[in-house]
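First the structure, in the form of structure tokens, and then the observations on it.
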Amino acid sequence: MVDHSTHSDVLIVGAGSAGSVLAERLSADPARRVTVVEAGPGPDEPGVRELTHNGLQLPIGAASPLAQRYRTELTAEPPRGADIVRGATVGGSGAVNGGYFCRALPADFDGPAIPGWSWPDVQRHYRAIETDLDFPDRADGGPITIRRTHEFVGSTAAFVEAVRAAGLRWLPDLNAEPAGENAPPGIGAVPLNIVDGIRTGPGAAFLESAAARPNLTVLARTRVVRLRFSGARVVGVETLGPAGPAVLEADRVVLSAGAIGSAHLLMLSGIGPAADLRTAGVAVVADLPVGRRTSDHPEWVLPTTWTVAAHRPVLEVVLVADGVEIRPYTGGFIAMVGDGSVGRPDWPHLGVALMAPRARGRLSLLSADPAVPPLIEQRYDSAADDVAALRQGCALATEILGATTQLGEPMWSTSQHLCGTAPMGTDSDEHAVVDARCRVRGIENLWVVDGSVLPHITGRGPHATIAMIGHRAAEFVA
């Protein structure tokens, strides 16, 4: 990659799933100078590609150089804490996750009814990013290859047999609309961006493939600490990198640092709830509801007595029923992250995840110091209907699987799908931080393009949708 100048046409903060796709799309115009600033290591550093390409393991253990951890409070009564883990390298969380690459549901877009984001509007962008090896007619030959597991072993095989024995149908394609033969309840193979054990996320598929372009610069191990303004217009960013502090100027700045990183940077820069910003000692540039209504998939995790099936993707099938996904993970956490040692028991576990939760959480600025992480409160227990639905999902799992495994007591967990910290909306939406073109309201030359802008969590895991957002928003930023 070429040496960078201090001025770009477009500067993208974060080389995650959305930022990588966006950078490739924008830099396809050789006249446009694009700079991507990534806080984590680059793919050319020793050992990085070995970790990100291995789709049969999650390089997110405590010692991983590619993961950043944030503490969150899952529930308030009683308080239950957990870690949110985010990928910190080119490709972001999409470079270190389990490979679940499922499109959202039509209702996820038809419900909010945001102009330009209807199901027909977004469908072509889903198609553009993928090559589906199982259903070639449902993708347009994009660089992210998708495949489903077809031969099941171990706990996954036991799960599939039990679900089928209970009379539930096989769903041929979880990426198709949930109608006809694909209508739940039923079980289906998860579309995975893992083929022959190799994980190909948006970072590898899009950004790395464009790395040799002379108009594209990627600055790794460089953290953006604040936006710079001229009045209400963003003119650049302040960074901290290997050579120390620096200022990078740009005509357009796009935040693609993830639902936590983008929201944190907005608030550090004076864009957020005015009272909270003043309390933290930050001068207010724009009073906007950043972090006020976060959304995620709450999950109850149950230990099983199945044995680990080694060298498998983390999740190969899901049961979709009554608003939940029941997920038979192929290993326990120790096996998944590769932190195991001799003599430590590690059982596969079952997840019961609520896919359309009513509960909303909150992300708040605690300090003007960029090194102090924000306060994250999921408030998973704030909606009684959500708790009842999770309980019902666990009862269904016990009913179906009781003869094949002994299930332990459920524990609160998270699907690690936090979104909605800077939601998109129409002019009349009091919760909206960005408009239908991903522009931050009241600020010139500033966009947010990542999972932050989702008005609510999608009815499937959000990874493919976040990559799609990067593809969709390229025409807005261009």
Side-chain angles (χ1 to χ4, degrees), residues 14-17 38-43 45-75 79-100 194 197 199 201 203 220-221 223 257-261 264 296-303 308 310-315 327 329-351 353 363 366 370-378 380 408 411-418 461 463:
S17 293
E38 168 55 45
E45 295 190 31
V48 170
R49 277 199 182 88
E50 289 82 347
L51 292 172
T52 59
H53 285 191
N54 181 1
L56 307 182
Q57 207 156 74
L58 310 183
I60 59 172
S64 173
L66 307 184
Q68 183 172 5
R69 310 182 104 75
Y70 296 90
R71 199 63 185 163
T72 184
E73 187 178 87
L74 299 178
T75 64
R80 296 178 178 91
D83 281 347
I84 295 178
V85 186
R86 286 290 177 265
T89 186
V90 167
S93 297
V96 300
N97 66 8
Y100 176 124
I194 297 170
R199 180 195 294 112
R221 295 193 181 274
R223 184 178 178 192
I260 299 173
H264 192 205
D296 200 338
H297 290 134
E299 188 166 358
W300 282 7
V301 170
L302 298 80
V308 170
H311 309 300
R312 308 293 295 188
V314 168
L315 182 64
R327 305 168 175 168
Y329 296 104
T330 57
F333 188 74
I334 297 169
M336 289 193 297
V337 304
D339 283 353
S341 59
V342 176
R344 295 177 66 182
D346 187 40
W347 306 105
H349 53 283
L350 196 72
L363 184 146
L366 292 177
V372 177
L375 173 66
I376 305 171
E377 302 163 284
Q378 304 276 36
Y380 283 162
M411 300 168 286
W412 280 99
S413 185
T414 174
S415 299
Q416 305 279 351
H417 294 163
L418 184 71
H463 185 204

Could you report the tightest heavy-atom contact between [X] and [Y], atom names first, then the distance?
{"X": "H417", "Y": "T414", "value": "N-OG1, 4.5 Å"}
{"X": "A95", "Y": "V90", "value": "CB-O, 3.7 Å"}
{"X": "P303", "Y": "H349", "value": "CA-CB, 4.3 Å"}
{"X": "A220", "Y": "G42", "value": "CB-N, 3.6 Å"}
{"X": "H463", "Y": "S17", "value": "NE2-OG, 2.8 Å"}
{"X": "E299", "Y": "S415", "value": "OE1-OG, 2.8 Å"}

Quick one: are [X] and [Y] in side-chain contact, heavy atoms under 4.5 Å?
{"X": "Q378", "Y": "P298", "value": "no"}
{"X": "V372", "Y": "H264", "value": "no"}
{"X": "P373", "Y": "Y70", "value": "yes"}
{"X": "R199", "Y": "N97", "value": "yes"}
{"X": "R86", "Y": "Q416", "value": "yes"}
{"X": "P65", "Y": "E45", "value": "no"}
{"X": "P41", "Y": "T89", "value": "yes"}
{"X": "R223", "Y": "P370", "value": "yes"}

How many angstroms lie between atom [atom1] of [X] and atom [atom2] of [Y], to the nearest 0.5 angstrom?
{"X": "R80", "Y": "S413", "atom1": "CZ", "atom2": "OG", "value": "12.0 Å"}
{"X": "E377", "Y": "L363", "atom1": "CD", "atom2": "CG", "value": "9.0 Å"}
{"X": "L418", "Y": "I84", "atom1": "CG", "atom2": "CD1", "value": "5.0 Å"}

Considering residues at least two apart in sequence or located in another chain, which fulfil the side-chain contact (heavy atoms from CB on, under 4.5 Å) criterion with [X]?
{"X": "L56", "result": "N54, H311, P313"}
{"X": "R71", "result": "D83"}
{"X": "S64", "result": "P59, L66, A67"}

Counting N and O atoms only, with roles assigned by atom type, does the side chain of Y100 sit under 3.5 Å from a partner on the main chain of L315, one being a donor and the other an acceptor?
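Not a single qualifying donor-acceptor pair exists.
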T330 side chain vs V314 backbone, donor-acceptor pair below 3.5 Å
yes
So, applying side chain to side chain donor-acceptor pair (under 3.5 Å) with Y380, which one of T75, D296, T72 is it?
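Passing option: D296.
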